[in-house]
Every structure is written in C-alpha cells, then in structure tokens.
Amino acid sequence: MEDLNFYESVYALVRQIPEGRVTSYGAIARALGREGSARIVGYAMGNAGKANPPVPAHRVLNSKGQLSAKAAFGHPDLMQQLLENEGVKINNDRVVNFKSVFWDPLTEELI
DNA sequence: TAGCTGACCAAAA
DNA sequence: CTTTTGGCCAGCT
C-alpha cells in the first residue's frame with residue numbers, strides 16, 4: 001500500500017485507536033517508522049479536519065498526556081468533552097492515569 | 001529548488 | 001513548576 005502518504009498512514013493508525021484510549025504523536029511516529037517525525041504527525045493532524053473519513057484526533061495527545069491541541073477543535077473544551085465522553089478523565093488539561101489509557105500502536109495495532 | 005511552517009520531544013536551567 | 005534550546009522531518013508556497 002505505498003499509495004498511502006505519510007498523512008494517510010497517520011490517519012489510518014489514528015482511526016484504529018479504540019474508545020477510552022489515547023496515544024501520543026511520538027508513538028504514532030514510531031509505529032510508522034518515523035520516530036523523529038512526531039511533528040509531522042501533529043502537522044498531519046492539522047489536515048485531519050479535512051480528512052475523509054474523519055479521524056478521532058482528540059485521542060491523540062502529546063507525550064505528557066496533555067491536551068496540547070484542545071484549542072484546534074474549534075472549541076477549547078470540545079477535545080476534553082469528547083475524551084470524557086469515552087471514559088477518559090481529564091484534569092487540568094491532562095489525562096488522568098495516562099499510562100493506563102495509553103494505547104501503544106506498536107503492540108496493539110493487531111487488534 | 002529553497003525556505004517556511006508546525007496539534008512534537010527531550011534535556012537543561 | 002516554567003522557560004529556553006536544539007533537533008527532527010513531511011508537506012506547502
């Protein structure tokens with residue numbers, strides 16, 4: 001499937017994130033074999049709003065489990081609401097028990 | 001082609 | 001805790 005661009009690969013991987021789970025840009029980059037391209041993942045997320053089908057970008061956080069991109073969803077609290085709606089608790093713009101809800105595509109993408 | 005951009009990451013102060 | 005610094009790389013103009 002070399003037809004897929006890096007962006008498309010990112011979208012495909014993000015769409016595999018199950019509900020109630022989150023992952024990080026770096027984890028996605030590593031899963032795609034581009035550990036150094038964590039920034040590109042975030043950049044791709046910028047286009048995620050125009051991607052089809054839409055990608056659950058609210059499940060993608062930075063390595064600290066912080067909602068760094070909450071403002072990019074059109075409303076500062078939308079990202080947090082979406083996560084809490086899936087059972088992910090947010091406190092002070094940070095995911096509670098980040099380790100527990102963290103979804104590592106390298107080990108769980110085979111679902 | 002070259003340069004700029006960025007929803008990042010990690011370490012240091 | 002916050003702020004700074006350097007590195008990283010695909011896509012866009």
Side-chain angles (χ1 to χ4, degrees):
Chain A
M1 307 320 179
E2 295 73 21
D3 296 34
L4 299 177
N5 295 331
F6 189 81
Y7 279 30
E8 302 268 344
S9 300
V10 172
Y11 302 151
L13 192 56
V14 173
R15 281 193 289 256
Q16 294 176 56
I17 304 175
E19 290 189 7
R21 297 281 181 157
V22 296
T23 191
S24 66
Y25 303 96
I28 295 173
R30 282 199 306 272
L32 297 177
R34 296 290 180 275
E35 182 174 3
S37 327
R39 317 187 70 185
I40 317 304
V41 177
Y43 197 72
M45 291 287 107
N47 281 310
K50 332 185 312 178
N52 188 349
V55 301
H58 60 278
R59 293 178 187 153
V60 185
L61 313 172
N62 62 17
S63 60
K64 305 294 187 303
Q66 300 182 271
L67 282 61
S68 54
K70 63 184 176 71
F73 285 80
H75 192 274
D77 292 334
L78 181 58
M79 186 177 186
Q80 178 172 336
Q81 302 239 342
L82 288 170
L83 289 169
E84 289 184 332
N85 188 35
E86 297 181 352
V88 180
K89 304 295 194 339
I90 309 297
N91 189 333
N92 194 18
D93 291 341
R94 255 195 287 183
V95 175
V96 179
N97 291 329
F98 179 55
K99 277 176 52 182
S100 299
V101 297
F102 181 76
W103 182 80
D104 188 350
L106 286 173
T107 60
E108 308 200 55
E109 67 180 339
L110 301 179
I111 300 173

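To find a chain, count down the sequence lines: A is the first, B the second, and so on, and within it residues start at 1.
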Notebook entry, point to check: How does each nucleotide of nucleotides 1-13 of chain C score, in 5' to 3' order, for protein heavy atoms under 4.0 Å: base (B), sugar-phosphate only (S), or none (-)?
Noted result: S-----BBBBS--
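By the rule that hydrophobic residues join a cluster once side-chain heavy atoms approach within less than 4.5 Å of another member, A/Leu67 and A/Val101 end up as members of one cluster. Neither A/Leu61 nor A/Ile17 shares a network with the other; the hydrophobic side chains, linked directly or stepwise wherever heavy atoms of I, L, V, M, F, W or Y lie under 4.5 Å apart, form separate groups for each. Both A/Phe73 and A/Val22 are part of a single hydrophobic cluster, where members link through side-chain heavy atoms under 4.5 Å apart.
Legend: residues meeting side chain to side chain donor-acceptor pair (under 3.5 Å) with A/Gln16, ordered by chain and number and at least two apart, are absent. With sequence neighbours excluded, the residues satisfying salt bridge (charged side-chain N to carboxylate O under 4.0 Å, His left out) with A/Asp93 are A/Lys70.
Judged by distance alone, with hydrogens and angles left aside, the side-chain atoms of A/Tyr25 form no donor-acceptor pair with the main-chain N or O of A/Tyr43 at under 3.5 Å.
For DNA chain C, no neighbouring residue in residues 72-88 of chain A is found when judged by any heavy atom under 4.0 Å. Near-neighbour residues of DNA chain B inside residues 60-69 of chain A, defined by a heavy atom below 4.0 Å, number-ordered: A/Asn62, A/Ser63, A/Ser68, A/Ala69.
Using a 4.0 Å heavy-atom distance criterion, A/Ala57 is classed as a base contact. Within 4.0 Å of A/Gly26, counting heavy atoms only, lie sugar-phosphate atoms of the nucleic acid but no base atom.
Within the 4.5 Å cutoff, no side-chain heavy atoms of A/Ser37 are placed close to those of A/Leu32. Within the 4.5 Å cutoff, the side chain of A/Leu13 has no heavy atoms near those of the A/Val41 side chain. No side-chain heavy atom of A/Val55 sits less than 4.5 Å from a side-chain heavy atom of A/Val60.
The closest side-chain donor-acceptor pair between A/His75 and A/Gln81, if any, does not fall under 3.5 angstrom.
Looking at every heavy atom in both residues, A/Leu106 comes nearest to A/Ala31 through CD2-CA, 3.4 Å. When all heavy atoms are compared, the tightest approach of A/Phe102 to A/Ser24 is CE1-N, 3.6 Å.
Crowding of A/Arg94 atom CZ: a count of heavy atoms from other residues, nucleotides or ligands under 6.0 Å not exceeding 12.
Along DNA chain B, the stretch of nucleotides lying under 4.0 Å from any heavy atom of chain A spans, 5' to 3', B/dT5 to B/dA10.
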